[in-house]
Every structure is written in C-alpha cells, then in structure tokens.
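One structure is given here, and the rest of the page talks about it.
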Amino acid sequence: MVMMELLLFGKFLLSFLIAFYLIPKLIRVSNHYKMYDIPDNRKTHFTPVPFLGGVALYIAFHLTQHLNHMMNVEPPPFMELFGFCVVGNTLIGLGDDFFDYHPTRKFLVQFFLCAVLLYFVPINLPFDAILPLLKDIPFINNALSILVLIGIINSFNLIDGMDGLAVTLALVTCTAYLILFKIENNIYFLSTVLSISGALIAFLFYNRPKAMIFMGDSGSFMVGSILGILTLVFISNGASENFSAGNRFQLGFALIAIPSLDMVRLFLWRIIQRKSPFVGDNLHIHHLLQSCGFSVPQTLAVIVLSQILLFIAAVAFQGEANFLPFLVITMIVYFMIILYLKKRLDHKSGSTNTRQVQQES
C-alpha cells in the first residue's frame, strides 16, 4: 500500500515537473513566432498573451498516463477510446487557436468524438433512473449523455475568460474526484486525476493573474473532455455502499455546475435575442462580477469559493431523492445572483449617465 501511494505521488510530481519545465519554453516559442491571444472588447487582458499552455498540459498528462503499468492496476477496457476523445478534442482546440474554426465545425467534431466513445463504452448516464418518464424512450440515456459530455467540454472552454479561472475550477473538480475515487478505491482513475492535477498546478503558476500564458482552446477542450469523462465514469458506476445513484448525480453536477449553468444561461439568452448561441459576448459571470467593481483576484475567489461551497452542500445533503430538488435550488440561487448583478450594473450605469448629464449641463 505504501509503495502504491509513493507511485501515485511520483506520477503527480512528474506531471507537475514536465509541465513546469515545458511552459516557459512554450512561452519563448510563442513570443518568437508571435503566437498570441489578441485582446478585444470581450477579453479581460490588454496585451497579447501566448496561448500554447494546452500543449504542455497534454504532454504532461499523456506521458504520465503511460506509467500506469508500473502500478500493476488493470486499466478499464475503454482507455483507448478515452484517449481518442481527449486527443481529438485537444487537436480541434489547437486548430481553433490558430485558424479560428467556425463553431459548427467544432461541434460536429466533438459530437463525433463523444458519440464514438459513448457508443462503445458503457458510461452513459442513467437519466431514466431519476426521471422514470424517460424509460420508454429508446437510446435516451445515450443521446443525453453525449449532449452532457459536449456541454461539459464547452463549458470549461467558455469559462476560460479570466486569468486563473478555468484552471482553478478544474483543480477544485480534480481535488473532489481524488476524494471520491479514493473512497471507492478506484486506483486507476485516482491516478488519472493525479496526472492532470500535477500539470494544472504547474500551469497555475504561469496563468494566475497576471497571466504569462493561456491554456487556449486546446487546453480548455482537453481539460473539459477529461473532467467530463471522469464525471460520466463516476455517475454511471451506479449505486454502491458509498454512494446511491441519486447522490452520484448530485455530486457530479455540483462539480461542474458553475461553468455549465453559465453556458446554458448565455446560450438561452443569445437565442432569445435571436443571435447565434455561439457568438461571444461579455456577459459571463466573471464579466458581470468585474463590471460590478470586483477585481480579478476577488472575482476568482468568489467563483471558486462558490464552487467549493456547492460541492460541500452536495455532500451534506445527500439522499436518493435529493438530486432534483438540489438541481432546482442551485439553478434558482444562480439565476438570483445573476439578476442581482445585472440590477447592480443597471444602477451603476444609471448613476454614471446621471453624472454625465449633470456635468454637461
């Protein structure tokens, strides 16, 4: 047991060291070839920033995943498809960083990758277990699971709009899954979480405010696909002595709630405004907080602390029939916060306009 723990720690440390070594070199490469994320009116940075952080994350994760054979732990039979989905999302993200793909192209590629994974791998979410009305609809679990996985991938991409935000939220989720997989004695996925966690911590040193490098779409798509698959793996394990099926939904949802709810809200709002849901804007929750006067560190602290508190609430209020009420309450609280922020912004805007009129008169 001690040897296993040393191997797990070594894998985590190696992932950290690989990413920590590669990131400064990628920053120099980006500066030399001028591979930058250029600021615009939707972004919070004001100078060009390198965007190749996702490359370091992928290399560190990929190399340390190959050390699993040293632990003599039998991998799940679908790890090749796991890798296929992660690699595919990383590549489409990297292509988007360089060539700015049309959203439809990205969605179709992601749909193909997720559909292939979930067609061959039994990790579909049991939605019919919490909504019995769905039991008579063929392939409903498969279809909804594909949409959920695509949604998680893109939610981490969309929340990656402020220094340190996406990586810190990802680390909160990874920390929670370390605890959950440890409770279940799932050594293989525990080691998988450690592989990505080490790289994320190294990346945070360079991505914290003021960021020296971004993870780019390659990194956000990669991290989103890993965390999305881990979420499906955890929830689809079914009832056990540690967690009921409903509790698994509740815990899994809590760990991706803020980026997911933010994405759903923005998509719905854009559709209501008769715009494409994929058209960018500055209405994300981190934009609203900053517009209300919160600094970048304060905004980061508020969002990350909210994610931690939500997971604690999910742990504290477990029960087989609690997930749907927990989901509804979380959504109500989230939208009340958004309405409060918008009301505060309207009041601030009105006060500014009044002062301008008084000065002109």
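Worth knowing before you read on, the calculation uses all heavy atoms, side chains too, and leaves out hydrogens, waters and symmetry mates.
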Any salt bridge linking D346 with K343? Criterion: basic side-chain nitrogen under 4.0 Å from a carboxylate oxygen.
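No, D346 and K343 are not salt-bridged.
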
Rounded to the nearest 0.5 Å, what separation is found between the [atom1] atom of [X] and the [atom2] atom of [Y]?
X: S191; Y: L67; atom1: OG; atom2: CG; value: 9.5 Å
X: I312; Y: L305; atom1: CD1; atom2: CG; value: 8.0 Å
X: L125; Y: I140; atom1: CG; atom2: CD1; value: 11.5 Å
X: N89; Y: L117; atom1: CG; atom2: CG; value: 10.0 Å

In the structure I gave you, are the side-chain heavy atoms of [X] and [Y] within less than 4.5 Å of one another anywhere?
X: F221; Y: N154; result: yes
X: F156; Y: L227; result: yes
X: M35; Y: F98; result: yes
X: L310; Y: F326; result: yes

Whether the side chain of [X] engages the backbone of [Y] through a donor-acceptor N/O pair (distance < 3.5 Å, no angle test) should be reported.
X: S260; Y: A257; answer: no
X: N247; Y: Q318; answer: no
X: S15; Y: I196; answer: no
X: R248; Y: S236; answer: no
X: D97; Y: D217; answer: yes
X: N207; Y: I213; answer: yes
X: Q307; Y: A254; answer: yes
X: H284; Y: H286; answer: no
X: N322; Y: F317; answer: yes

Which atom of [X] lies closest to which atom of [Y], heavy atoms considered:
X: S306; Y: I258; answer: CB-CD1, 3.7 Å
X: F323; Y: G246; answer: CB-O, 3.7 Å
X: S195; Y: Q65; answer: OG-OE1, 3.4 Å

Can you tell me how the ring of F278 sits relative to the ring of F267, calling it parallel under 30°, perpendicular over 60° and tilted otherwise?
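Because their plane-to-plane angle is over 60°, the rings of F278 and F267 count as perpendicular.
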
Side chains of N242 and E184: is there a donor and an acceptor less than 3.5 Å apart?
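Judged by distance alone, the side chains do not pair up.
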
Is it the case that T47 and Y36 place a side-chain donor and acceptor less than 3.5 Å from each other?
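On atom types as modelled, these side chains do not qualify, holding no pair under 3.5 Å.
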
For residues 7-21, which residue pairs qualify under salt bridge (Lys or Arg N to Asp or Glu O under 4.0 Å), counting only residues two or more places apart or in two chains?
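Qualifying pairs, neighbours excluded: none.
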
Salt bridge (Lys or Arg N to Asp or Glu O under 4.0 Å) partners of residues 188-211, not counting sequence neighbours, each pair once:
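Salt bridge (Lys or Arg N to Asp or Glu O under 4.0 Å) check on residues 188-211 returns no pairs.
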
Quick check: F78 with F120 (ring centres under 6.0 Å apart)?
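Ring centroids of F120 and F78 are no less than 6.0 Å from each other.
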
With a 6.0 Å cut-off on the ring centroids, do Y188 and F181 count as close?
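No, too far apart.
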
Sole candidate of T231, I179, V315 that passes side-chain contact (heavy atoms from CB on, under 4.5 Å) when paired with L251
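Per the side-chain contact (heavy atoms from CB on, under 4.5 Å) rule, the option paired with L251 is V315, out of T231, I179, V315.
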
Can you tell me if M79 has over 12 outside heavy atoms packed within less than 6.0 Å of its CE?
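Yes.
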
Check this for me: F139, atom CZ, are more than 12 non-hydrogen atoms of other residues, nucleotides or ligands nearer than 6.0 Å?
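No, the 6.0 Å shell around CZ holds no more than 12 heavy atoms from other groups.
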
